[in-house]
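This report concerns only the one structure given below.
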2 protein chains.
Amino acid sequence: MIDPTADRAQYRQIADTLRDAILRGELQDGARVPSEERLRQEHGVSRTTVRKAIEVLKGEGLVDVRAPRGTFVRSQRPVDTVQLRRGDRVWTRMPSPDERREHDVREGVPFLIISRSDGSQELYPGDRTQAQQSPR
Amino acid sequence: MIDPTADRAQYRQIADTLRDAILRGELQDGARVPSEERLRQEHGVSRTTVRKAIEVLKGEGLVDVRAPRGTFVRSQRPVDTVQLRRGDRVWTRMPSPDERREHDVREGVPFLIISRSDGSQELYPGDRTQAQQSPR
DNA sequence: TCCCATTTGTGCGTATGTATC
DNA sequence: GGATACATACGCACAAATGGG
């Protein structure tokens, strides 16, 4: 139950509740998160507040909002593995909206970036890519 | 000038304008972004709309909101380099609010995660860390 | 110290649009 | 066509922290 008088903002409390449910596996990959209207009633808050909570989870890459179908728990296991070579460097940053479109990446999903020693650069969706050192 | 009748949402148009200014260097590292009230007047929209635009830029890690002082262009910090060893894997994901506090990471900044072959895991702030293959 | 203006944070209500089922 | 659900945008109000006088 959320507490309007608590030190923590109501929308953060709701986000905490949903995050817990996801991380505990109560809401599994692909599961539907209750609708904004449903959450609004459950927690006795405004729709604005519910939407802010969902925003938080989107920013963490935990959910995927597909309007107007609903909001769903995002599966986030790295599936593609990219091999690293000597001298390669790896870093990460958030994409711009244009880059998200171009690379088909959802909100809350960072890029995994590999700079090869020859100067070339490769961008990968961070929710399904991992880089690996050649085990030799 | 933003166009309320355009296909693109007004808050996205405002975000585009600000992003351009930042990327073109018109708003430099550490520079103050105009206040919400100022932007509201400039673009003739509601504060809600302005705040959504800022949200977008926060999500991209381009600005840093320090209430109630203002919103600032995020300055890029010096980059730490982490050495990769054989069998290491690298990936990325967004932190939760708790993790952001713990690792002193701002909104819109992803983690760079290194899994060592011994099973241990290291989390780094993605805005100031890169991983590198030992050049041997 | 105190007051005040500024600025962001949080939360409410409302309305309309649009895509899906 | 209708119900549902998310997107966008407006207005309002109050809180809290900062900084200047």
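Protein chains get the first letters and strands the later ones, always in sequence-line order, with residue 1 at the start of each. Given the structure is predicted, the values throughout are model-derived calculations rather than measurements. The figures here come from the full heavy-atom set of this structure, side chains too, leaving out hydrogens, waters and symmetry mates.
Contact annotation for A:Thr48: base contact, defined as any heavy-atom pair under 4.0 Å involving a base atom. Residue contacts shown for B:Arg8 are absent, as no nucleic acid heavy atom lies under 4.0 Å away.
Under 4.0 angstrom from either OP1 or OP2 of D:dG19 there lies at least one side-chain N or O belonging to B:Arg69. Distances shown here put a side-chain N or O of A:Thr71 below 4.0 Å from the OP1 or OP2 atom of D:dC6. In terms of phosphate contacts, B:Tyr11 brings a side-chain nitrogen or oxygen within less than 4.0 Å of OP1 or OP2 of D:dT8.
When atom types are taken as modelled, the side chain of A:Arg74 and the backbone of A:Gly61 share a donor-acceptor pair closer than 3.5 angstrom. In terms of modelled atom types and a separation under 3.5 Å, the side chain of B:Thr129 and the main chain of B:Pro125 share a donor-acceptor contact.
Extent of DNA chain C lying under 4.0 Å from chain A heavy atoms, first and last nucleotide in 5' to 3' order, is C:dT10 to C:dC21.
Here the closest non-hydrogen pair linking B:Phe72 and B:Gly30 is CD2-O, 3.6 Å.
We find that CZ of B:Arg47 is positioned 13 Å from P of D:dA13, with the value rounded to whole Å. Atom CD in B:Gln10 sits roughly 11 Å away from atom P in D:dG11 (whole-Å rounding). One atom, CD of B:Gln13, and another, P of D:dT8, lie 12 Å apart when rounded to the nearest Å. Rounded to whole Å, the distance from CZ on B:Arg51 to C1' on D:dC12 is 14 Å. Distance NZ (A:Lys52) to C1' (D:dC6): 18 Å, rounded to an integer number of Å.
By the 4.0 Å N-to-carboxylate-O rule, A:Glu99 lies close enough to A:Arg93 to be salt-bridged with it. Classification of B:Asp64 and B:Arg66 as a salt-bridged pair holds, one side-chain N sitting under 4.0 Å from a carboxylate O.
Residues from residues 34-44 of chain A with heavy atoms under 4.0 angstrom of DNA chain D, sorted by number: A:Ser35, A:Glu36.
Both A:Thr49 and B:Arg66 lie close to DNA chain C; mapped to their nearest nucleotides by heavy-atom distance, the more 5′-ward contact belongs to B:Arg66. Residue B:Val33 is the one, among B:Val33 and A:Ser46, whose nearest nucleotide of DNA chain C lies closer to the 5' end (criterion: closest heavy atom).
For A:His103 and A:Phe111, the ring centers sit closer than 6.0 Å to each other.
Considering only heavy atoms from C-beta on, B:Asp3 comes within 4.5 Å of B:Gln13 through its side chain.
Following chains of ILVMFWY side-chain contacts shorter than 4.5 Å, one can reach B:Val65 starting from B:Val50, so the two form part of one hydrophobic cluster. No single ILVMFWY cluster, assembled from side-chain heavy atoms under 4.5 Å apart, contains both B:Leu62 and A:Met94.
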